[in-house]
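Structure first, commentary second.
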Amino acid sequence: MKSLKASGHQLANVDVQLQTLQSEVADTLQLPLFHQKLQTAGLFPLSTVEPAVFQINLGKMCNQVCRHCHVDAGPDRKEIMTRETMQACLDALAQTNIPTVDLTGGAPEMNPNFRWFVEEVRKLGRKVMVRCNLTIIVANPKYNDLPDFFRQHEVEVVSSLPFYNADKTDRQRGKGVFEDSVRALRMLNAVGYGQPDTGLLLNLVYNPNGAFLPGSQESLKRQFKRVLQDEFGIQFNDLYAITNIPISRFLDYLISSGNYDGYMEKLVNAFNPVAAAGVMCRNTLSISWDGFIYDCDFNQMLDLKVASPVQHVADFDLTTLNQRSIVINQHCYGCTAGAGSSCGGTTA
């Protein structure tokens, strides 16, 4: 399976994605625009709060090509953050008290400067989270020692696992992914991750396998803990249930499967003002592989840069950035539906 970009798909063009979302919702479905919902809730324009997360996309290269990937990542994507841009991120971070650095991709570990960067961020006294797809740990011998590296630097590992069985996981992420994920989870457990009293956090991420909203995060967490422990001897700390955002490959899936209209109606009808008030874009700065600044990872993939004179990490100025309003569009309904959705799970 190729990425949308490599296959020449029209949805690889972010303008086509935005036009599809805007025209289909407002014109075809006659649903309210997202800013109208925020106005009704007294939340427009959506403002920032004190930043708590510095999220950095280290590149779109990945060893997997997942069906729902909003990054459109894969082995054929060559966009990788350079060491120069990483240094600019470090320089920017040093100007702030932002406590958490969230490393994502693609598979962030595939960036050749990944380990150096983790070490440098830790020297600044910041917590590091890495969004690991698990299979990268067993994909090549050069990654086999990642659990030990993570342990050495007290990295919090946040790992996608669509379900606790092979059928649903492999349908979303590719044949053999569940088996490799179990191997990787056992390797992480073996060095202390997910174990009581180690302080080594291993959190899982669940997202639905189709055009529906996730169930109760707490209920899913209990199910995952029971099955993974009983059947595979695996332990983890927490589980985040996230909603699939209607962009990139998931947007393609919705349209090609005839589920787009129904899914957008679900999102709009499930709009929750409490979830909207807690969306991650309010306390997050998202940096792309080429150093541009966004309100969130989803805006990044749609090339919706921050509404600020400061748009690149090389020109970083937190005071100026804190005065911006959040850039929104129709995809934002995904983060505000039901109990809400963020990189850290529910928001309401």
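Residue numbers run from 1 in the order of the sequence given.
- Judged purely by atom type and a 3.5 angstrom limit, Arg324 has no side-chain atom pairing as donor or acceptor with the backbone of Asp295.
- With hydrogens and angles ignored, the 3.5 Å screen pairs a side-chain donor or acceptor of Gln36 with a backbone N or O of Leu33.
- Between the side chains of Asn244 and Asn207, at least one donor N or O sits under 3.5 Å from an acceptor N or O.
- The residues Asp72 and Arg249 are annotated as salt-bridged, a charged nitrogen and a carboxylate oxygen being separated by less than 4.0 angstrom.
- The hydrophobic cluster containing Phe292 also includes Tyr294, under a criterion of side-chain heavy atoms closer than 4.5 Å among ILVMFWY residues, counted directly or through chains of members.
- Under the 3.5 Å distance criterion, with hydrogens and angles disregarded, a donor-acceptor pair is assigned to the side chains of Gln223 and Ser219.
- Ring orientation note: the planes of Phe163 and Tyr206 are tilted relative to one another, at an angle of 30° to 60°.
- Between Phe178 and Phe232, the ring planes lie perpendicular to each other; the angle is over 60°, past the 30° to 60° tilted range.
- Counted by atom type alone, Thr48 and Asn283 present zero donor-acceptor pairs between their side chains at under 3.5 Å.
- Here Phe250 and Tyr263 bring their ring centres to under 6.0 angstrom of each other.
- Aromatic rings from His331 and Phe298 are positioned such that their centres are separated by 6.0 Å or more.
- Each side-chain hydrogen bond (donor to acceptor under 3.5 Å, both in side chains) pair with one or both residues in residues 99-111, not counting sequence neighbours, appears once here: Gln55-Asp102, Asp102-Arg131.
- Contact check on Glu120 versus Lys123 returns a salt bridge, with a Lys/Arg side-chain nitrogen under 4.0 Å from an Asp/Glu carboxylate oxygen.
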